[in-house]
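To keep things clear, I will list the structure first and then write my remarks on it.
Note that ligands are numbered from 1 as they come in the structure, with each ligand's atoms numbered from 1 the same way.
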Amino acid sequence: MTRLILATRNAGKITELRAILADAGLDHDLVGADAYPDIPDVKETGVTFAENALLKAHALARATGLPAVADDSGLCVDVLNGAPGIFSARWAGTHGDDKANLNLLLAQLSDIPDAHRGAHFACAAALALPDGREQVVEGQLRGTLRHTPTGTNGFGYDPILQPDGETRTCAELTPEEKNAISHRGKAFRALVPVVRELLG
Ligand code: ITT
């Protein structure tokens with residue numbers, strides 16, 4: 001069975017990726033980057049989701065000699081011209097402090113009425129092989145930002161994004177419901193045929 005590295009240290013993402021890839025019928029041996037603790041974190045120096053996803057996937061593929069998939073994702077707010085965007089994980093300063101990031105964003109948008117609270121989650125999913133071959137695909141989930149966080153599922157900004165056509169936030173959806181419509185679900189389902197083509 002071909003081993004495939006999931007190049008992320010975000011536990012919420014690893015859970016989602018395992019479910020999305022298994023549901024899509026990918027029967028590769030999926031291993032999280034946490035299985036390789038000695039490999040240093042890659043600096044996300046790209047200026048697009050796609051560039052950063054490729055940086056992460058290539059770094060892990062080079063370091064392990066195994067094919068790697070990575071995503072770079074974030075929340076893009078219309079009235080902030082797409083911010084926090086690629087800075088979503090460190091919007092309040094500390095990388096991965098989901099609560100501080102969400103609270104800062106809510107404070108910044110406190111005067112913005114519902115009609116102007118449009119936003120989307122974006123995800124670029126990348127596959128990199130040790131020989132340097134690469135592919136990247138993207139997915140989005142459009143919605144509206146709530147004024148107060150609701151729900152306990154998921155991670156990051158899930159408690160404030162209400163997908164279009166839904167009455168609940170992403171954090172009130174079951175994992176299966178979120179994966180079926182999410183930016184990450186769309187991007188990784190599009191990546192599966194690419195993985196099959198390049199890895200067999
Ligand atoms: P890795 O780089 O190790 O994959 P990370 O958390 O740093 O983990 P990103 O750089 O891609 O990942 O940042 C993604 C951030 O965007 C994440 O921390 C959340 O704040 C937000 N985000 C992305 N997808 C999300 C989702 O499905 N639900 C809620 N927030 C999400």
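Summarising the geometry, atom CG belonging to L102 is positioned 12.5 Å from atom CZ belonging to F155; distances are rounded to the nearest 0.5 Å.
Within the 3.5 Å criterion, the main-chain N or O of C170 finds no donor-acceptor partner in the side chain of D158.
Listed by chain and number, the residues in a side chain to side chain contact (heavy atoms under 4.5 Å, CB included) with R142 are D78, H120, D164 (sequence neighbours excluded).
Within the 4.5 Å cutoff, side-chain heavy atoms of H147 are placed close to those of D114.
Cluster annotation: I5 is not connected to I14 through the hydrophobic network of ILVMFWY side chains, with a link wherever side-chain heavy atoms come within less than 4.5 Å. If you chain together hydrophobic residues whose side chains sit under 4.5 Å apart, L30 and Y36 never meet in one group.
Protein residues having at least one heavy atom under 4.0 Å from any atom of ligand 1 are T8, R9, N10, K13, E44, K56, D72, S73, G74, S88, A89, H95, F121, F155, G156, Y157, D158, K178, H183, R184, listed by chain and number.
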